[in-house]
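Note on naming: letters A, B, ... go to the chains in the order of the sequence lines (proteins, then strands), and numbering restarts at 1 for each one.
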Protein chains: 2
Amino acid sequence: MNIGSAARATDLPAKTIRYYEEIGLVCPARAENGYRDYSGSDVHRLKFVQRARSLGFSIEECRLLLSLYDDEQRASADVKALALEKIGQIDRKLVELQSLRATLTRLADTCQGNDRPDCPIINDLARA
Amino acid sequence: MNIGSAARATDLPAKTIRYYEEIGLVCPARAENGYRDYSGSDVHRLKFVQRARSLGFSIEECRLLLSLYDDEQRASADVKALALEKIGQIDRKLVELQSLRATLTRLADTCQGNDRPDCPIINDLARA
DNA sequence: ATTAATCCTTCCAGCCGCAGGAAGGTCAAG
DNA sequence: CTTGACCTTCCTGCGGCTGGAAGGATTAAT
């Protein structure tokens, strides 16, 4: 299967798939003409990566997840630990964003938002 | 004021301050020896940018905020619109992260997390 | 058989917002 | 006079791609 078909099958851009090969994440065979030749297993792994990425895992985490996937002997605890760590990262990000949101909302609420120049938001930025 | 002092005064790395000059955000005068020479106003603008950045505004948004800050005639509505748009961005990101969190939590909850290989998380990634 | 369209290849550059480091000039203290 | 702190410019790299150029391969239609 050429890269274009693999792209359609995985819903990933061909550029991304080439990049995944470049970094050694999913490496297809090559046809005689030099074209990349993706097997069913390759496509499967690409989909695996695509789903892991969409869940917020980094490329390196995807690499680890793939190796855990390949390792029939791994403990489910290892995978769960990775998921829990990712949840922790998300939680920290959520707290940060909620705090930002609160600050911005407070500032925006005190701003009249009319055509006059007086603006508490700018004032706050200029003199905190 | 040399860049080191400006860095201490603004709590920004000197590297960052040089970068801000490179992109035309805060451009200091130069002393005879070629050293950057930050005025009180420059330091003030650096602090302004630092606070705007910490609130989640991009560099380009900071540039806009600075120009709004400089413009004594601007309407507070212009500033407020920018803040509200940023809040909207944060909200979209929050929704996304909360959805990711829910999915990951659901997966982690169904995983025993023991030393056995059977793992619903990996299974989900491998066959969604 | 020729052409045109589509696919594929490699390579190079750019995005954001810096950070790290090399090579060298400048300045203040002892 | 030396040491060390500070400053300068320039180049590279991070993550995770994306866009584009230049050129070879394949396929479909004429």
Expressed as a whole number of angstroms, how long is the span from [X]:[atom1] to [N]:[atom2]?
X: Glu21(A); N: dC8(C); atom1: CD; atom2: P; result: 14 Å
X: Leu25(A); N: dC17(D); atom1: CG; atom2: P; result: 10 Å
X: Asn33(A); N: dC8(C); atom1: CG; atom2: P; result: 10 Å
X: Ile17(A); N: dC8(C); atom1: CD1; atom2: P; result: 10 Å
X: Arg8(B); N: dC7(D); atom1: CZ; atom2: C1'; result: 12 Å
X: Tyr19(A); N: dT10(C); atom1: OH; atom2: P; result: 16 Å
X: Ile59(B); N: dC15(C); atom1: CD1; atom2: P; result: 14 Å
X: Glu22(A); N: dC14(D); atom1: CD; atom2: P; result: 11 Å

Could you check whether [X] gets within reach of a base, just the sugar-phosphate, or nothing at all, counting any heavy atom under 4.0 Å?
X: Ile3(B); answer: sugar-phosphate
X: Arg36(A); answer: sugar-phosphate
X: Arg18(A); answer: base

Would you please confirm or rule out a distance under 4.0 Å between OP1 or OP2 of [N] and any side-chain N or O of [X]?
X: Ser58(A); N: dG15(D); answer: no
X: Arg30(A); N: dT10(C); answer: yes
X: Thr16(B); N: dA19(C); answer: yes
X: Tyr20(A); N: dC17(D); answer: yes

Near Lys80(B) NZ, under 6.0 Å, is it more than 12 heavy atoms from other residues, nucleotides or ligands?
->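 Enclosed.
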Do you know which two heavy atoms are closest between Ala108(A) and Ile87(B), and how far apart they sit?
->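 Where Ala108(A) meets Ile87(B) most closely, the heavy atoms are CB-CD1, 4.4 Å.
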Looking at CG of Leu25(B) and CD1 of Ile17(B), how far apart are the two atoms once the value is rounded to the nearest 0.5 Å?
-> 11.5 Å
From the options [options], select the nucleotide whose nearest atom is closest to the side chain of [X].
X: Tyr35(B); options: dG25(C), dG16(D), dT9(C); result: dG25(C)
X: Lys15(B); options: dG16(D), dC8(C), dG21(C); result: dG21(C)
X: Asn2(B); options: dC17(D), dC27(C), dC7(D); result: dC7(D)

Salt bridge or not for Asp70(A) and Arg45(A), using N-O below 4.0 Å?
-> yes
Matching residue for Ser76(B) among Asp118(A), Asn114(A), Asp115(A) - test: side chain to side chain contact (heavy atoms under 4.5 Å, CB included) |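 Running side chain to side chain contact (heavy atoms under 4.5 Å, CB included) over Asp118(A), Asn114(A), Asp115(A) with Ser76(B) returns exactly one hit, Asn114(A).
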